[in-house]
2 protein chains.
Amino acid sequence: MAGDRPKRVTIYSIARECGVSASTVSRAFTRPEIVNDDVREKIHAVARRLGYQPNKAARGLATGRAGMIGLLVPDITNPFFPPLVRSIQQAASVADWSVLLVDADEVAAEETELVEQVRSQVDGLIVASPRSTDADLETTLGDIPTVVINRVVPGRPSVVCDNTTALTAAGQHLRELGHRRFALLKGPEASWAARQRSEAIRQWAADAEVDLVESGDFAASYDGGREASRAFLDSDATAAFAFDDLMACGVLAGLVEAGSSVPDDRSLVGCDDVLLARTVTPSLTTVTAPVGALGAAAIDLLREAIGGEPARELRLDGTLTLRASTGTVPVGAVRA
Amino acid sequence: MAGDRPKRVTIYSIARECGVSASTVSRAFTRPEIVNDDVREKIHAVARRLGYQPNKAARGLATGRAGMIGLLVPDITNPFFPPLVRSIQQAASVADWSVLLVDADEVAAEETELVEQVRSQVDGLIVASPRSTDADLETTLGDIPTVVINRVVPGRPSVVCDNTTALTAAGQHLRELGHRRFALLKGPEASWAARQRSEAIRQWAADAEVDLVESGDFAASYDGGREASRAFLDSDATAAFAFDDLMACGVLAGLVEAGSSVPDDRSLVGCDDVLLARTVTPSLTTVTAPVGALGAAAIDLLREAIGGEPARELRLDGTLTLRASTGTVPVGAVRA
DNA sequence: ATGAAAGCGCTAACAT
DNA sequence: ATGTTAGCGCTTTCAT
């Protein structure tokens, strides 16, 4: 019967077993090169045999480095975030960081409180698409190294997915399909990304000299999209930009329910390219976000921030992905 | 300019500021009732002013309680998990636990290694739908309090969603719609839930005296479903049970592509009732899992396990949710 | 190259 | 009710 681990395995138990001091054991793990080959081998062997795992809390206490980062998301339930969480976690683990996930449940007030709670236990923070105001963020974040995803906060390192180019391309695409009147179904005003996307589309519409009717903001959810579909129907636009894919799916459902067919009667483009975008019928023309790169960049920036390097603002371009939700404008729809 | 927090705020800085000992400060937070009202007030006031946050690592070191639990999921990207993660996190936070999320990326070998890594930093573990074998789980888990979700592991507390009743109801429903020949599109053999679901359906089919053709196992993913759709088409079944909604969506896509219409030509039922199930066209008849209750129960069980209480095995019933993917058997499809 | 000792921030006896 | 002290497991000077 192997595996009779009586109590906890610490550097002390190992030290005793090996006839060395605890410091040597510690060194054998943290700076192996400075301990003699034979004793290092022995220590490692014993450690493995005993199933030793360094106590991160203790190490953190001693070093001031927690070995953990906090990841704050507004809504883990939103399909945009799980892949992002994964990519961040993967990048974090190569930097030897665990990830403390915190879900704010889409309420801004929670965000600041939650940050307050985790700040003592982490080396740094990644906050994704926060809903709080800049001012609130600034005061609760204080001097804890933080990188912001999909938002730009003055003085903080950030990495955003820039959808401007792709959204412009989407507009052009629709224009070539004959559309001249567009609906902009706006996302939550509190979302930086929503504002950025709206601005990009506004800009494009002005340049392209097409009509744009804005409505919203709507919740970044399926139900928000249902609501938005009414606005789409009420406008006499033939094509719409939804804030994100989730909302677009709701719009789709609303349109179908109202007897409007996509893409035959109306065209629709989403944003983010979440799983849903591919599985919905018709599949969504959307802007694909570079989620993997986003996560990796966030970790890089965080490392820099902890190292005291100046804050950088990264922008990674989304790319237009053509699918089935966009088509030629229906005959007779083009106004005089 | 407020906010010049010189160094770190500890119980000592507060103690000094208040002219009391550190222990009193500590007590003011951990057992407020045993310290005099006036000094408690003062301590709290100063703490608030200085922005004191107790250092969880230190507290954990001293108490042996980490204030953190680990949550291991096989694939955060699978839409079943985010709502579960949320419900667990909410339940955990009322027990004053933070949640360390660990994504195994669907590879069983990772699971044991990841468990190894976090076990030292958490009070307990919740492992959701693990893919590892019982034996592997048992050895890596060792004596760390653990509750298992959607799987039964001898000797461990567990809470599962029992889909037997609902699946049986689904079968009955389909039978009433005239279906007599069914396809069972099986999920990953390593998944306990998959085996359980298959068994339930097998049982029902035998009792109901209908034909059942099994195929799989298929990956619990959209692509797995695409693959499974072939098997469905090859069998001459008129209705199929997919392992889960995600797979069902893939099946749907495969059928559509092959020119088969749901529910006109074939019926399909999923399982879990993830967001996708509602948004896909046609929306999926599926078994709704009580995700909130699952999370709450898991935390309860974990608390019990940590308290040394004997392991309980909870089963929470899923409920059948009728939607648009099931319909009457097509004329002529009923065999002699 | 290794050991001894102090200390990270906190809690928990044990005094008083 | 409050102060003193020791110690959680680890790292890190400082000696040797």
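Note that these values count all heavy atoms, side chains included, but never hydrogens, waters or copies made by symmetry. Reminder, nothing fancy here: chain letters follow the sequence lines and each chain counts from 1.
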Heavy-atom pair with the smallest gap, counting every atom of [X] and [Y]:
X      : Y      : value
B/A15  : B/S21  : CB-C, 3.7 Å
B/A109 : B/T112 : O-OG1, 3.0 Å
A/G295 : A/A91  : O-CB, 4.2 Å
A/I306 : A/W97  : CD1-CZ2, 3.5 Å
A/R151 : A/P130 : NH1-O, 2.8 Å

TODO: Please confirm whether the backbone N or O of A/R131 pairs with a side-chain atom of A/E111, one donor and one acceptor, at under 3.5 Å?
DONE: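 Side chain of A/E111 to backbone of A/R131: a pair is present.
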
Can you check the [X] [atom1] to [N] [atom2] distance for me, whole Å?
X     : N     : atom1 : atom2 : result
A/I34 : C/dT2 : CD1   : P     : 9 Å
A/D37 : C/dT2 : CG    : C1'   : 15 Å
A/R59 : C/dC8 : CZ    : P     : 19 Å
A/E33 : C/dA1 : CD    : C1'   : 13 Å
B/N55 : C/dC8 : CG    : C1'   : 8 Å
A/I11 : C/dG3 : CD1   : C1'   : 12 Å
A/I43 : C/dA1 : CD1   : P     : 14 Å
A/R65 : C/dG9 : CZ    : P     : 17 Å

Task: Pairwise 5' ranking along DNA chain C for A/T24 and B/K56, keeping only the more 5' one - done: A/T24

TODO: Check whether the side chain of A/S23 and the base of C/dA4 form a donor-acceptor pair under 3.5 Å.
DONE: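 Under the 3.5 Å cut-off, the side chain and the base do form a donor-acceptor pair.
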
Task: N/O (side chain, B/R8) to phosphate O (OP1/OP2, C/dG9) under 4.0 Å - done: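 So the side-chain polar atoms of B/R8 do come within 4.0 Å of the phosphate oxygens OP1 or OP2 of C/dG9, strictly under.
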
Open item on the list: Under 4.0 Å, heavy atoms only, any strand: does B/T63 hit a base, just the sugar-phosphate, or nothing?
Closed with: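 The residue B/T63 makes sugar-phosphate contact but no base contact.
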
TODO: Select base, sugar-phosphate, or nothing to describe what B/F29 touches, counting heavy atoms under 4.0 Å on all strands.
DONE: nothing

TODO: Could you check B/N36 against B/L61 and say which one's nearest nucleotide on DNA chain D is further toward the 5' end?
DONE: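 That would be B/N36.
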
TODO: Give me the first and last nucleotide of DNA chain D, going 5' to 3', that has any atom under 4.0 Å from a heavy atom of chain A.
DONE: D/dG9 to D/dT13

Open item on the list: I need the A/E41 CD to A/D38 CG distance, nearest 0.5 Å.
Closed with: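 CG of A/D38 is found 8.5 Å from CD of A/E41.
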
